[in-house]
Amino acid sequence: MNLHLDKKVIIVTGGAKGIGLGICEVLTAEGAIPVIVGRNEADNEKAVRAILDNGGQADSVIGELTDPEACRNAVAQVVSRYGKIDGLVNNAGVNDGVGLENGSYELFTASIQKNLTHYYLMAHHALPELKKTKGAIVNIGSKTSLTGQGGTSGYAAANGGRNALTREWAVELLPYGIRVNAVIVAECYTPLYEKWINTFPDPKEKLNTITEKIPLGHRMTTATEIADAVAFLLSEKSSHTTGQLMFVDGGYVHLDRALT
């Protein structure tokens with residue numbers, strides 16, 4: 001499908017691994033130029049090299065997203081190199097297990113910094129360029145904002161904030177023709193997810209208990225399936241779609257539990 005993303009410059013935070021890498025790969029296949037922003041130079045370079053070796057275009061900027069100045073600098077570097085920004089995918093974050101009982105003020109506020117504040121900062125700094133291109137913003141979110149999980153107050157609160165900002169920005173940016181949407185993830189198998197699964201005594205059994213509860217196909221969502229939705233929302237094929245929370249989850253969040 002031609003999404004008309006050829007040569008579009010798209011910032012993808014946390015684009016070196018997992019869902020972020022899947023997004024970069026799909027954007028590259030559509031002719032776009034994803035620019036990964038992340039703190040690990042080696043991971044960034046590995047992801048970019050893999051894309052280049054497959055004939056695509058990609059770039060990266062080193063930036064610690066919990067540092068406000070690093071967010072500003074990352075956007076400035078992209079503009080300096082390419083002269084424009086056509087889209088922003090806020091994706092970076094971590095389910096860090098900062099709960100109510102086992103947490104603290106310091107841990108909770110740090111979790112918000114790791115999982116929400118940079119969504120605002122990246123959008124704030126990219127906005128002048130997005131106005132020029134009438135670009136789009138896609139925020140990646142988690143089911144924890146709606147279902148809860150237990151023991152992860154910081155992450156859940158941050159994801160509730162991501163949903164709220166998606167709707168708020170969609171309203172605020174209407175005059176500029178900038179669309180803002182979110183893709184909400186439930187159970188998607190990534191390296192981080194695998195690491196979590198392997199903390200259980202019987203990882204295979206734990207994985208089976210999860211997948212059997214996913215209505216559509218009783219399987220995990222793939223990073224590519226998340227990425228396909230992101231690419232659509234960045235493209236003119238979704239030109240009249242804004243302020244939406246798109247659940248790419250095999251029906252996990254909303255369909256009747258009796259189905260499983």
Side-chain angles (χ1 to χ4, degrees), residues 12-29 34 36-51 53-54 58 60 65-66 89-99 102 107 110-111 114-115 118 138-156 158-159 162 182-231 246-253 260:
V12 182
T13 65
K17 292 183 177 180
I19 291 171
L21 179 57
I23 292 168
C24 290
E25 291 171 341
V26 166
L27 290 177
T28 298
I36 297 166
V37 177
R39 66 173 175 264
N40 190 306
E41 182 176 8
D43 288 344
N44 292 354
E45 290 182 353
K46 181 180 178 181
V48 170
R49 175 51 54 192
I51 290 171
D53 287 346
N54 284 325
S60 70
L65 291 165
T66 59
V89 181
N90 279 317
N91 163 74
V94 59
N95 192 338
D96 50 13
V98 178
N102 67 357
L107 290 173
S111 183
K114 286 186 286 186
N115 289 298
H118 60 82
V138 178
N139 295 321
I140 304 300
S142 164
K143 67 178 175 64
T144 57
S145 61
L146 292 99
T147 65
Q149 178 179 302
T152 190
S153 294
Y155 186 67
N159 276 282
R162 294 174 186 179
V183 173
I184 311 301
V185 181
E187 305 299 331
C188 181
Y189 205 72
T190 65
L192 275 178
Y193 199 102
E194 182 177 32
K195 183 178 180 181
W196 173 71
I197 284 290
N198 286 333
T199 64
F200 292 90
D202 188 342
K204 184 176 180 181
E205 176 59 26
K206 178 62 177 180
L207 187 60
N208 286 339
T209 64
I210 295 169
T211 56
E212 69 185 8
K213 294 179 174 65
I214 301 172
L216 186 60
H218 302 292
R219 66 169 178 83
M220 290 275 175
T221 307
T222 68
T224 299
E225 287 169 327
I226 302 296
D228 285 341
V230 172
M246 179 181 290
F247 290 78
V248 182
D249 66 353
Y252 186 90
V253 172
T260 61

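Note that the structure is a prediction, hence the values are computed from the model and not measured.
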Practice item. Using the side-chain contact (heavy atoms from CB on, under 4.5 Å) rule, pick out the option among Ile23, Ile184, Val12, Thr13 that qualifies with Ile140. Key: Ile23
Check your understanding: Which of these passes side-chain contact (heavy atoms from CB on, under 4.5 Å) with Asn115: Leu65, Asn95, Thr66, Asp96?
Key -> Asp96
Review point. Under 3.5 Å, side chain of Asn139 to main-chain N/O of Asn90, donor-acceptor pair present?
Key: no
Between [X] and [Y], what is the shortest heavy-atom contact and its length?
X      : Y      : value
Gly250 : Pro215 : O-CD, 3.4 Å
Ala47  : Gly15  : CB-O, 4.5 Å
Asn91  : Gly14  : ND2-O, 3.1 Å
Thr209 : Glu212 : O-CG, 3.4 Å
Ala227 : Gly22  : CB-O, 3.3 Å
Pro34  : Leu27  : CB-CD1, 4.4 Å

So, taking the atom named [atom1] in [X] and the one named [atom2] in [Y], what distance separates them when rounded to the nearest 0.5 Å?
X      : Y      : atom1 : atom2 : answer
Lys143 : Phe247 : NZ    : CZ    : 11.5 Å
Leu192 : Ile197 : CG    : CD1   : 12.5 Å
Arg162 : Asn159 : CZ    : CG    : 4.0 Å
Asn208 : His218 : CG    : NE2   : 12.0 Å
Leu107 : Lys114 : CG    : NZ    : 8.0 Å

Check your understanding: Taking the inter-plane angle between the rings of Phe200 and Trp196 on a 0 to 90° scale, is it parallel (under 30°), tilted (30 to 60°) or perpendicular (over 60°)?
Key -> perpendicular
Is there a side-chain contact between [X] and [Y], using heavy atoms and a 4.5 Å cut-off?
X      : Y      : answer
Leu207 : Tyr189 : yes
Val185 : Ile19  : yes
Val48  : Ile36  : yes
Asn54  : Thr28  : no
Thr211 : Met220 : yes

Review point. Is Lys17 atom NZ crowded by more than 12 heavy atoms from other residues, nucleotides or ligands, each under 6.0 Å away?
Key: no
Exercise for review: Please say whether more than 12 non-hydrogen atoms of neighbouring residues, nucleotides or ligands are located less than 6.0 Å from NZ in Lys213.
Suggested key: yes
Review point. Yes or no on side-chain contact (heavy atoms from CB on, under 4.5 Å) for Lys206 and Thr199, after CA distance, side-chain angles and deciding distance?
Key: CA-CA 10 Å; Lys206 178 62 177 180; Thr199 64; over 6 Å; no
Check your understanding: Is Arg49 salt-bridged to Asp53, going by a charged N under 4.0 Å from an acidic O?
Key -> yes
